[in-house]
Protein chains: 2
Amino acid sequence: MTETGTRRDRTRAATVREITATARLILVKEGPDAVTLRAIARRMGMTAPALYRYFGSHQELLRHVVGDLFNELTDEVQAAIRQTPSGDLKERFMHASFAFRDWALTHQREYTLVFGTPIVRGETLDFTDECGQRFGRTFVELFLELWKSKPFPVLADADIEPALTVQMERYRGEVGSPDLPIGAMVVFLSCWIRLQGFVTLEVFGQMGFALDDSSPMFHLLLMDLADRLGLH
Amino acid sequence: MTETGTRRDRTRAATVREITATARLILVKEGPDAVTLRAIARRMGMTAPALYRYFGSHQELLRHVVGDLFNELTDEVQAAIRQTPSGDLKERFMHASFAFRDWALTHQREYTLVFGTPIVRGETLDFTDECGQRFGRTFVELFLELWKSKPFPVLADADIEPALTVQMERYRGEVGSPDLPIGAMVVFLSCWIRLQGFVTLEVFGQMGFALDDSSPMFHLLLMDLADRLGLH
DNA sequence: TTAGCAAGTTAACACCGTTCATTATCGTGA
DNA sequence: TCACGATAATGAACGGTGTTAACTTGCTAA
């Protein structure tokens, strides 16, 4: 992560970082509605229009913050994976899942910003999209590792709906593992959906009707998933 | 649903309905950011301050819309249940789940408003809370019906974390089924989390990285849940 | 050294939620 | 029938928002 370019480029990059950091600070301390251009600028000793030198719009600025948050989350999960001996894949999976949930719960407003804003999939990938893909790859690679180390039982190709098969084949091509059974892709995806679905409901407070501490329920989920992935 | 009270009360109730209906119209046609007091009033041939005769604030108006949406969703699900013969409980479960997902996908902006705004659980229940509880009860009762008709295998009390048991006991008391095993409550809750988690990710576009049509995946989920609930 | 560009400013526009004083309208009791 | 009180609705105003345009300042590269 070494700085490059002219001096001007460097100070400019520093300002961009300060802007996104300030935006996040306000997000955390005062909530999403308080993250206005004027509030950001005020806290930086600037005026709002100056921010347009760095971002085309308020939306674009927020998208950039989302990218940064994706990167932080990805780093956190990858650190959890690396800190676990590569021999114990079950532990790796558990720690990675816990790291994801922990980050979500300790950064609820950030999580809401990242995953709670329905984003239409644009044509070309921007910075934010790339950060999101990097995050996605982190869990994909973990699952691939699990499969390669010890394949688990999956549905046979013939038992999977064609409409699902064709989508899984496309996605399998994207992650670059052409020899993986379609059934394994299905297991990966449904496990991920269960994991992210759970965490999302948690952060959005949708479990409060029954639970005030969802940790034991999450623990149960992880046991279930580990089982499904043949980890004992 | 018969109107009561004086003539004034009736016209007032009609105006309240028109306001929430207009708010929803704008929500659907122009998105959540367009649902401003001025826009609502404009479309009704009024001015914004007049709306304060009916709602204490913009937030309160939106909360009321959420309540209406809850009721519509609940009615939809209950209709799907009633239209299925009470003998075939598997079909009832499937149809109810499909009705929930269908409503979510055909009313994405409404779903986002209802379930995507992290709401802190207040002290006293307001109109919106009651509508939410009514929705919750709908699925609870379906599960209770399933259990009473044909109990499915569940964890023994001794195999459930105490921290989870105490919460489930409280919730079991709320739904008024003191003789239900704690394990059955856990199964209900985890099934519901999987269902709502899936639908939420779907609406928020969080599956787009792998799927452009999530229907077959949802079908797979329902088969899984039916299996878990002993429906064959 | 100087021309040019980047960074930042102020002023303005149209919109927002909300409050306040004021007016018009309606229903009802004398 | 009339007058009064409650209700409904208005227009003006305040401080805030995203955004644009014109303008100044200061650094930098030729």
Side-chain angles (χ1 to χ4, degrees), chain A residues 3-66 109 113 117 119 126 128, chain B residues 3-66 109 113 117 119 126 128:
Chain A
E3 297 283 358
T4 69
T6 72
R7 166 179 171 76
R8 233 186 212 163
D9 289 343
R10 270 173 286 140
T11 66
R12 184 180 175 81
T15 305
V16 168
R17 275 195 302 274
E18 188 187 347
I19 293 172
T20 54
T22 306
R24 180 178 177 178
L25 189 92
I26 298 173
L27 171 69
V28 172
K29 292 181 71 166
E30 307 177 43
D33 292 345
V35 188
T36 68
L37 291 180
R38 285 182 162 90
I40 297 167
R42 204 178 305 133
R43 208 179 272 262
M44 292 177 64
M46 299 172 70
T47 60
L51 297 174
Y52 282 83
R53 290 272 156 197
Y54 303 92
F55 298 98
S57 70
H58 185 230
Q59 264 301 321
E60 195 180 300
L61 194 161
L62 287 184
R63 293 265 307 155
H64 200 97
V65 173
V66 169
R109 282 177 162 156
L113 180 65
T117 320
I119 298 288
D126 63 358
T128 309
Chain B
E3 294 285 358
T4 71
T6 72
R7 167 179 169 76
R8 239 190 205 154
D9 288 343
R10 271 174 284 136
T11 65
R12 184 180 174 81
T15 306
V16 168
R17 275 196 302 275
E18 189 187 346
I19 293 173
T20 54
T22 307
R24 179 177 178 179
L25 189 90
I26 298 173
L27 171 70
V28 172
K29 291 181 71 166
E30 305 178 43
D33 292 344
V35 188
T36 67
L37 291 180
R38 285 183 157 92
I40 296 167
R42 204 178 304 135
R43 208 179 272 260
M44 291 177 65
M46 300 173 68
T47 60
L51 296 176
Y52 283 83
R53 290 267 152 205
Y54 303 92
F55 299 97
S57 69
H58 185 229
Q59 264 301 321
E60 195 180 299
L61 194 162
L62 287 184
R63 293 266 306 154
H64 200 97
V65 173
V66 169
R109 281 177 165 156
L113 180 65
T117 320
I119 299 287
D126 63 358
T128 310

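Everything numeric here is computed off the predicted structure, so don't read it as measured data. Residue numbering restarts at 1 for every chain, and letters A, B, ... go by the order of the sequence lines.
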Rounded to whole angstroms, how far apart are [atom1] on [X] and [atom2] on [N]?
X: I19(A); N: dG18(D); atom1: CD1; atom2: P; value: 14 Å
X: D9(B); N: dG27(C); atom1: CG; atom2: C1'; value: 12 Å
X: R42(B); N: dA14(C); atom1: CZ; atom2: P; value: 14 Å
X: I40(A); N: dT19(D); atom1: CD1; atom2: P; value: 11 Å
X: Q59(B); N: dC16(C); atom1: CD; atom2: C1'; value: 14 Å
X: L37(A); N: dG16(D); atom1: CG; atom2: C1'; value: 13 Å
X: F55(B); N: dA9(D); atom1: CZ; atom2: P; value: 13 Å
X: H58(B); N: dT19(C); atom1: NE2; atom2: C1'; value: 17 Å

OP1 or OP2 of [N] under 4.0 Å from side-chain N/O of [X]:
X: R38(A); N: dG16(D); answer: no
X: T47(B); N: dG11(D); answer: no
X: Y54(A); N: dG8(C); answer: yes
X: R12(A); N: dA6(C); answer: no
X: Y52(B); N: dT18(C); answer: yes

Any ion pair linking R43(A) and E30(A) (charged N to carboxylate O, less than 4.0 Å)?
yes

Does T15(A) reach a base, just sugar-phosphate, or nothing at all? Heavy atoms under 4.0 Å.
nothing

Regarding G56(B), tell me which of base, sugar-phosphate or nothing describes its non-hydrogen contacts under 4.0 Å with the strands shown.
nothing

Go through it in stages, so that I can follow the logic: the residues are T36(A) and I40(A), the test is side chain to side chain contact (heavy atoms under 4.5 Å, CB included), and I'd like the CA-CA distance, side-chain angles, deciding distance and then a yes or no.
CA-CA 6 Å; T36(A) 68; I40(A) 297 167; over 6 Å; no

Any side-chain to backbone donor/acceptor pair from T20(B) onto V65(B)? Under 3.5 Å, distance only.
no

Do R38(A) side-chain atoms and A48(A) backbone N/O form a donor-acceptor pair below 3.5 Å?
no

P49(B) side chain, from C-beta outward: closest of dT9(C), dA12(D), dG17(C):
dA12(D)

I'd like to check V16(B) versus F55(B) (side-chain heavy atoms, cut-off strictly below 4.5 Å). Are they in contact?
yes

Suppose we call a contact any N or O donor and acceptor under 3.5 Å apart; does that hold for the side chain of R53(A) and the base of dA6(C)?
no

